[in-house]
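These numbers come from a predicted model, not from an experiment.
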Amino acid sequence: GIREFDDLFDYRTRSMLTLPLQNHAGQVMGVLQLVNAMSGNQVVPFSEPVVGIVQALASMASITLENSLMLEFQRDLLIRLTSAKNTADLFERTLDEALAITGAEGGTLYRYCGEAPRRLEFALLKNQPLQLHLGGNSALPSSMQPLLLEQNGEPNLNNIATYTAVSQEVVNINNAY
């Protein structure tokens with residue numbers, strides 16, 4: 001702690017300001033600690049206006065740190081994805097990354113086919129608890145039928161995947177049933 005630091009360096013801490021560096025979700029990403037505010041040659045307490053300014057600085061530093069970490073993650077992800085040898089490998093890597101990022105047990109990747117009839121063709125399914133790996137680079141092809149994007153000339157909104165493709169909206173369901 002501070003006393004050990006002071007003893008080690010023959011220093012004297014008198015005033016201290018310590019602030020958490022928090023991301024947008026409130027998780028602590030670090031701590032900023034300042035010691036011995038000075039006024040001229042004298043150590044003084046950190047004033048409330050100074051605390052406010054340092055809080056704003058800590059907030060900006062947190063945003064910058066979070067953005068930097070996100071950019072680093074995105075760069076690394078891009079490198080992993082672009083090293084795919086073929087489409088099946090790209091799909092495998094994409095689904096694996098999505099599963100790792102979210103902690104999801106399983107996922108499916110469909111490939112859009114714009115030729116008539118417009119459809120989503122099954123490309124890959126992975127499910128950890130069920131130990132399933134179908135399509136993609138697996139030795140097990142899937143017998144899953146394509147999902148038609150239109151039925152009787154109308155948009156097919158009867159399936160979550162087709163609804164997402166047709167509406168181009170993100171769908172996030174908290175309790176499926």
Side-chain angles (χ1 to χ4, degrees), residues 18-33 54-177:
T18 307
L19 303 110
L21 301 178
Q22 296 175 296
N23 67 11
H24 71 281
Q27 297 168 315
V28 175
M29 302 171 62
V31 172
L32 173 61
Q33 187 172 68
V54 176
Q55 284 176 316
L57 177 64
S59 178
M60 288 187 277
S62 298
I63 291 167
T64 303
L65 176 58
E66 186 171 33
N67 288 343
S68 176
L69 293 172
M70 181 60 72
L71 288 173
E72 186 177 310
F73 170 79
Q74 289 173 344
R75 184 197 72 231
D76 293 347
L77 176 60
L78 181 61
I79 290 168
R80 289 192 301 273
L81 291 178
T82 56
S83 65
K85 298 176 187 98
N86 54 47
T87 303
D89 194 34
L90 174 63
F91 287 166
E92 291 277 342
R93 290 176 188 227
T94 301
L95 186 55
D96 287 345
E97 291 294 337
L99 293 171
I101 290 167
T102 62
E105 291 182 341
T108 306
L109 201 146
Y110 297 92
R111 185 175 186 175
Y112 173 80
C113 182
E115 301 167 4
R118 290 184 326 114
R119 63 198 177 275
L120 295 177
E121 293 183 347
F122 173 83
L124 176 62
L125 178 138
K126 287 187 174 186
N127 186 292
Q128 183 78 25
L130 298 177
Q131 297 180 354
L132 286 176
H133 182 187
L134 305 173
N137 289 333
S138 77
L140 301 172
S142 170
S143 59
M144 296 178 80
Q145 298 297 311
L147 303 175
L148 299 179
L149 297 176
E150 295 178 356
Q151 289 181 331
N152 302 321
E154 296 292 321
N156 179 6
L157 306 176
N158 298 323
N159 176 294
I160 295 167
T162 58
Y163 176 88
T164 299
V166 170
S167 69
Q168 299 179 2
E169 294 177 17
V170 173
V171 177
N172 185 4
I173 299 172
N174 292 328
N175 190 2
Y177 51 88

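With values rounded to the nearest 0.5 angstrom, Asn159 atom CG is found 9.5 Å from Gln151 atom CD. To the nearest 0.5 Å, atom CG of residue Leu134 and atom NZ of residue Lys126 are 11.0 Å apart. Taken to the nearest 0.5 Å, the CD atom of Glu121 stands 10.5 Å off from the CD atom of Gln145. Residue Gln74 holds its CD atom at 5.5 Å from CG of Leu71, rounded to the nearest 0.5 Å. To the nearest 0.5 Å, atoms CZ (Phe91) and CG (Leu124) are separated by 8.5 Å. Atom OH of residue Tyr163 and atom CG of residue Asn158 lie 12.0 Å apart, to the nearest 0.5 angstrom.
Under the 4.5 Å side-chain criterion, counting only non-hydrogen atoms from C-beta, Leu148 is in contact with Arg119. The side-chain heavy atoms of Ile173 and Ile160, taken from C-beta on, include a pair separated by under 4.5 Å. For the pair Leu125/Leu132, a side-chain contact is recorded, criterion being any heavy-atom separation below 4.5 Å from C-beta on. No side-chain heavy atom of Arg93 sits under 4.5 Å from any side-chain heavy atom of Leu90.
Residues passing the side-chain contact (heavy atoms from CB on, under 4.5 Å) test with Thr64, sequence neighbours excluded: none. Residues meeting the side-chain contact (heavy atoms from CB on, under 4.5 Å) test with Tyr112, sequence neighbours left out: Arg118, Leu120, Leu149.
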Name every donor-acceptor pair, under 3.5 Å, that has one atom in a side chain of residues 21-28 and the other anywhere in the protein, sequence neighbours excluded.
{"from": "Gln22", "atom 1": "NE2", "to": "Gly26", "atom 2": "O", "distance (Å)": "3.2"}
{"from": "Asn23", "atom 1": "OD1", "to": "Ala25", "atom 2": "N", "distance (Å)": "2.9"}
{"from": "Asn23", "atom 1": "OD1", "to": "Gly26", "atom 2": "N", "distance (Å)": "3.1"}
{"from": "Asn23", "atom 1": "OD1", "to": "Gln27", "atom 2": "N", "distance (Å)": "2.9"}
{"from": "Asn23", "atom 1": "ND2", "to": "Gln27", "atom 2": "OE1", "distance (Å)": "2.9"}
{"from": "His24", "atom 1": "ND1", "to": "Glu66", "atom 2": "OE1", "distance (Å)": "3.2"}
{"from": "His24", "atom 1": "ND1", "to": "Glu66", "atom 2": "OE2", "distance (Å)": "2.8"}

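Between the side chain of Ser138 and the backbone N or O of His133 there is at least one donor-acceptor pair closer than 3.5 Å.
Remark: Leu57 CG is packed, more than 12 non-hydrogen atoms of other residues, nucleotides or ligands lying under 6.0 Å away. No more than 12 heavy-atom neighbours from other residues, nucleotides or ligands sit within 6.0 angstrom of CD on Gln131. Enclosure of atom CD in Gln128 is not indicated, since only 12 or fewer non-hydrogen atoms of other residues, nucleotides or ligands lie within 6.0 angstrom. Other residues, nucleotides and ligands place no more than 12 heavy atoms under 6.0 Å from the CD atom of Glu105. Within 6.0 Å of atom CD in Gln168, 12 or fewer heavy atoms from other residues, nucleotides or ligands are found, so the atom counts as exposed in its surroundings.
The shortest non-hydrogen separation linking Leu19 to Val54 is CD1-CG1, 3.3 Å. Of all heavy-atom pairs between Pro20 and Ala58, the closest is O-CB, 4.4 Å. The minimum heavy-atom distance linking Asp89 with Asn86 is given by the pair N-OD1, 2.7 Å. Residues Pro155 and Val166 come closest through the heavy atom pair CB-CG1, 3.7 Å. Scanning both residues, Tyr110 and Ala161, for their nearest heavy atoms gives CE1-CB, 3.9 Å.
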Starting from the C-alpha separation in whole Å, work towards a yes-or-no answer on side chain to side chain contact (heavy atoms under 4.5 Å, CB included) for Asp76 and Glu72. CA-CA 6 Å; Asp76 293 347; Glu72 186 177 310; 4.2 Å; yes

